[in-house]
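Note that these values count all heavy atoms, side chains included, but never hydrogens, waters or copies made by symmetry. Numbers restart at 1 for each chain; the letters A, B, ... are given by sequence-line order, proteins then strands.
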Amino acid sequence: AQSVTQPDIHITVSEGASLELRCNYSYGATPYLFWYVQSPGQGLQLLLKYFSGDTLVQGIKGFEAEFKRSQSSFNLRKPSVHWSDAAEYFCAVGPTTFTGGGNKLTFGTGTQLKVEL
Amino acid sequence: DVKVTQSSRYLVKRTGEKVFLECVQDMDHENMFWYRQDPGLGLRLIYFSYDVKMKEKGDIPEGYSVSREKKERFSLILESASTNQTSMYLCASSLWAGNEQFFGPGTRLTVL
């Protein structure tokens, strides 16, 4: 069974500082990987996704993530955080083969980002 | 752009009431999902549907049922609402296996 671990429940950074949110996954092969962001009271918005190819993927809002197969990780980074980045971030893993019951993403429990001005 | 809409942003119901949460997507997606979101627990899958009239249980189906009579619409039903079903409910849809899911804005349900 696939699983996702986001080891940091809360992270606080100063505006303008760099950011790295950690995500580790467990899956039998190379999965599809996603990062979502959720602003307070809103649904989830896709930041970026990895399917194959280049292991460094660029997303919206200046975010990027790097897939490291050897570490089973897909960490999210941003070089300079803005106050508007304060939100909850979710990593998700999806199957690469059709399992006969639709695709199911498995989500981590989320990392709450606070940005200090 | 894909749009997923949910019938209510906020809902207050009483214990024992039957509750319907509606979700509609406008991009002809095959797959639709219902999650509940609670602090510290992340997103937990309640049910999903991969075709009209087809459904499968997720991780926490107890106390819930679903209906998908049309491709664009997926309903979550709480047969007899209980206080422990107070939560944020999120609907999502996706086109094919492994693809990203598109989320609605959520319904915050309070059961008194």
Exercise. With a 4.5 angstrom heavy-atom cut-off, which part of A:Gln38 approaches chain B: side chain, backbone, both or neither?
Worked result: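 Side chain only.
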For this session: Could you look at B:Leu45 and say if it's the side chain, the backbone, both or neither that has a heavy atom under 4.5 Å from chain A?
Result: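 Just its side chain gets close to chain A.
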Exercise. Which atoms of B:Arg9 come close to chain A, meaning under 4.5 Å heavy atom to heavy atom: side chain ones, backbone ones, both, or neither?
Worked result: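 Contact with chain A: side chain only.
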Problem set entry | Interatomic distance, A:Leu105 atom CG to B:Phe48 atom CZ [nearest 0.5 angstrom] |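 Output value for this atom pair is 11.0 Å.
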Problem set entry | Over 12 foreign heavy atoms within 6.0 Å of CD1, A:Ile9 |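 No, because the 6.0 Å sphere around CD1 of A:Ile9 holds 12 heavy atoms or fewer from other groups.
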For this session: May I ask you to check whether over 12 heavy atoms, not counting those of B:Arg108, lie within 6.0 Å of atom CZ?
Result: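 Atom CZ in B:Arg108 is not crowded, with 12 or fewer foreign heavy atoms closer than 6.0 Å.
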For this session: Apply side-chain contact (heavy atoms from CB on, under 4.5 Å) to A:Phe107 and B:Gln37, showing your working.
Result: CA-CA 11 Å; A:Phe107 288 84; B:Gln37 182 181 18; over 6 Å; no
For this session: Flag yes if A:Leu76 and A:Leu19 sit in one hydrophobic cluster, no otherwise; membership is Ile, Leu, Val, Met, Phe, Trp, Tyr, and two members link when side-chain heavy atoms are under 4.5 Å apart.
Result: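 Same cluster.
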Exercise. Does one hydrophobic cluster hold both B:Phe103 and B:Trp34, with members joined at side-chain heavy-atom distances below 4.5 Å?
Worked result: no
For this session: Applying side-chain contact (heavy atoms from CB on, under 4.5 Å), run through B:Gln101 and A:Tyr36 and close with a yes or a no.
Result: CA-CA 10 Å; B:Gln101 292 182 12; A:Tyr36 286 85; 3.9 Å; yes
Could you go through residues 42-57 of chain A and list every donor-acceptor pair under 3.5 Å that involves a side-chain atom there, pairing it with any protein atom two or more places apart or in another chain?
{"unit_1": "A:Gln45", "atom_1": "OE1", "unit_2": "A:Lys61", "atom_2": "NZ", "d": "3.4"}
{"unit_1": "A:Lys49", "atom_1": "NZ", "unit_2": "B:Glu100", "atom_2": "OE1", "d": "2.5"}
{"unit_1": "A:Asp54", "atom_1": "OD1", "unit_2": "A:Leu56", "atom_2": "N", "d": "3.1"}

